[in-house]
Amino acid sequence: MIDVLIAGAGPNGLMLACELALAGVRPVVLERHAAPTGEPRANGLVGQVVRLLDRRGLYARLSGESTPPSPQPAFTFGAFPLDLTMLAENPHYVLGVPQAQLEAALAARAAELGVDLRRGHEVVDLRQDPDGVEVVLADGTRLNARFLVGADGGRSAVRRLAGIAFPGVTDDRSISRTATVTVPESCLAPGTGGLRVPGCGVVPPFQHTRTPRGLITWAPFPGRPAILSTKEWPDAPVGDETPMTLAELRASAARVLGADLPVEVSGGPGLLRRLTSGNTRIADRYRAGRVLLVGDAAHVHPAIGGPGLNLGLQDAVNLGWKLAATVRGWAPQGLLDTYETERRPVAERVVMSTQAQSALIGPGDEVTGLRELFAELLRKPEVTGHIAALMSGADVHYPADPTDPLAGHCAPDVVVHGEHGPVRLAELTRTARPLLLDSTGAFAEAVAPWRDRVDVVTGPLRGTTATALLVRPDCFVAWSAGEADTLRAALTHHFGLPAPAHSWS
């Protein structure tokens with residue numbers, strides 16, 4: 001019997017597979033497409049997920065840089081520019097890589113870890129009992145697994161077959177058009193890469209520009225075709241029966257801006273897409289017996305602000321260690337259920353954020369008045385800081401001991417000064433094992449019974465006021481220095497009773 005079947009080889013399914021493999025579980029990933037589609041989708045990663053990828057050793061592969069990620073000095077919220085340089089602590093990170101590149105990197109990492117990825121296999125039915133799940137594929141093949149995870153997107157077959165409802169709303173009031181394009185050099189603003197529009201000024205790059213008639217976005221990505229997008233709220237519905245054309249996009253941009261843009265379709269494979277509705281939905285449960293959902297299979301929302309991969313990839317990392325602990329037999333009672341109790345509130349906040357931004361970019365004089373007030377608020381560093389934390393996910397706080405100020409928060413970027421010199425936390429978490437950072441060595445005896453599954457690193461800590469930190473595999477703090485008894489309680493709560501027979505090695 002297979003330990004874990006994962007339906008879907010997108011970023012979330014592949015990330016989950018890597019996490020399981022690091023924890024000693026060998027998953028099988030099923031992907032209905034015979035080969036990667038290369039379809040243009042997300043254009044980058046936004047938020048704390050960039051730090052997470054660094055902590056798995058993937059940031060350097062994707063960025064081509066040898067230095068750690070740095071916060072982004074500016075971003076956008078609801079078509080407002082956010083000046084993040086005013087913040088004492090900026091939590092917002094951006095990594096501008098297309099989704100196809102991310103998927104390729106994760107697939108390569110999964111292969112290194114021995115993950116069994118089977119392309120051209122579509123799940124069409126499933127049955128489960130208390131001991132496992134039987135999955136039926138389109139070719140009639142039947143596979144048995146202890147657990148099945150649906151990472152198969154917003155139209156998840158696994159979710160439907162498991163009988164999990166997907167309540168929410170469909171918004172058919174707006175229409176979005178997107179294409180990869182080229183523009184004459186004379187239309188580019190020197191130095192900024194913005195788009196010069198006669199009679200309208202400059203459309204800044206990588207920001208949402210709102211007018212009373214709609215929204216336009218210009219994204220001149222280095223080394224690849226630029227993307228032009230518009231969003232309008234027409235008086236009558238627009239059908240999507242016919243393919244979109246460049247002329248349609250140019251007409252839309254002219255309506256939004258009040259001026260024509262001399263754009264052409266870029267050479268080679270590109271993007272020419274129209275979306276006439278959007279969904280905001282969260283699954284009514286993330287788990288049905290031995291079937292679980294991750295990423296878009298569990299939640300969909302507007303793409304504004306780019307939160308999708310930040311949410312989905314961190315779902316996968318949260319679920320990975322808990323599912324592996326369950327498979328390997330040392331998970332404490334109820335650990336797997338904390339996947340939903342921890343991650344659902346995060347999805348709800350993303351939905352709130354994207355709905356708020358969607359309201360702020362809408363048409364009409366009332367929205368313009370709201371935006372004038374909002375612009376005043378954004379001049380206050382505390383308001384910008386609150387929004388930056390919301391968009392980046394830096395405000396995520398899982399339920400934890402209220403007397404422990406760090407428990408439940410993402411671990412800070414600690415540096416341990418050991419006998420071989422300083423080591424960043426990101427270099428210590430690449431194995432995805434629970435980790436005790438102990439500045440004094442005082443807690444070695446307390447953690448000894450869990451050494452089969454918890455690593456210990458001793459040395460002075462820089463970047464935190466705590467003298468010791470217990471870090472979960474998903475890089476959230478389980479405990480910060482107190483008494484040995486509270487450490488043992490945290491170890492038991494998160495990582496089960498000591499069980500030397502079960503080894504992570």
Side-chain angles (χ1 to χ4, degrees), residues 33 36-44 76 79 96-103 154 171-190 192-279 302-306 308 357-358 361-363:
H33 294 291
T37 65
E39 177 186 350
R41 299 187 70 181
N43 293 307
T76 182
V97 296
Q99 183 166 324
Q101 182 182 341
L102 173 64
E103 288 184 10
D171 177 11
D172 56 3
R173 297 172 299 167
S174 65
I175 178 167
S176 301
R177 299 174 175 90
T178 303
T180 46
V181 301
T182 59
V183 299
E185 193 71 24
S186 59
C187 290
L188 298 178
T192 68
L195 198 58
R196 293 198 296 191
V197 183
C200 296
V202 175
V203 176
F206 303 108
Q207 293 188 22
H208 299 103
T209 299
R210 178 195 177 267
T211 75
R213 299 170 297 279
L215 192 77
I216 191 163
T217 306
W218 166 246
F221 293 101
R224 52 189 173 111
I227 294 179
L228 181 70
S229 299
T230 66
K231 189 178 184 77
E232 297 179 89
W233 290 262
D235 294 331
V238 176
D240 56 2
E241 297 82 9
T242 59
M244 196 189 82
T245 64
L246 180 64
E248 180 182 334
L249 176 63
R250 287 183 65 168
S252 174
R255 288 191 296 269
V256 171
L257 292 172
D260 186 50
L261 287 176
V263 298
E264 300 292 340
V265 174
S266 64
L271 174 66
L272 200 62
R273 182 174 64 201
R274 178 200 308 118
L275 296 177
T276 57
S277 64
N279 286 293
I304 188 167
Q357 292 182 75
S358 296
I361 65 174

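We count residues from 1, following the sequence as given.
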If you compare all heavy atoms of [X] against all heavy atoms of [Y], which two are closest, and at what distance to 0.1 Å?
X    : Y    : answer
V181 : V263 : CB-CB, 4.2 Å
V197 : A259 : CG1-CB, 3.7 Å
P212 : P363 : O-CB, 3.5 Å
R196 : S186 : NH2-O, 2.8 Å
I361 : R210 : O-NE, 3.6 Å
P262 : R250 : CA-NH2, 3.7 Å

Spatial distance of atom [atom1] ([X]) from atom [atom2] ([Y]) [nearest 0.5 Å]:
X    : Y    : atom1 : atom2 : answer
T217 : I227 : OG1   : CD1   : 10.0 Å
S176 : R273 : OG    : CZ    : 9.0 Å
H208 : I216 : NE2   : CD1   : 11.5 Å
L228 : L246 : CG    : CG    : 9.0 Å
L249 : L272 : CG    : CG    : 7.5 Å
L215 : Q357 : CG    : CD    : 10.5 Å

Evaluate the side-chain proximity of [Y] to [X]: yes if any heavy-atom separation is below 4.5 Å, no if none is.
X    : Y    : answer
S358 : I304 : yes
L188 : W218 : yes
V256 : T209 : no
L257 : V203 : yes

Criterion side-chain hydrogen bond (donor to acceptor under 3.5 Å, both in side chains) against E232, the qualifying member of R173, R177, R213: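 Exactly one option meets the side-chain hydrogen bond (donor to acceptor under 3.5 Å, both in side chains) with E232, and it is R177.
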
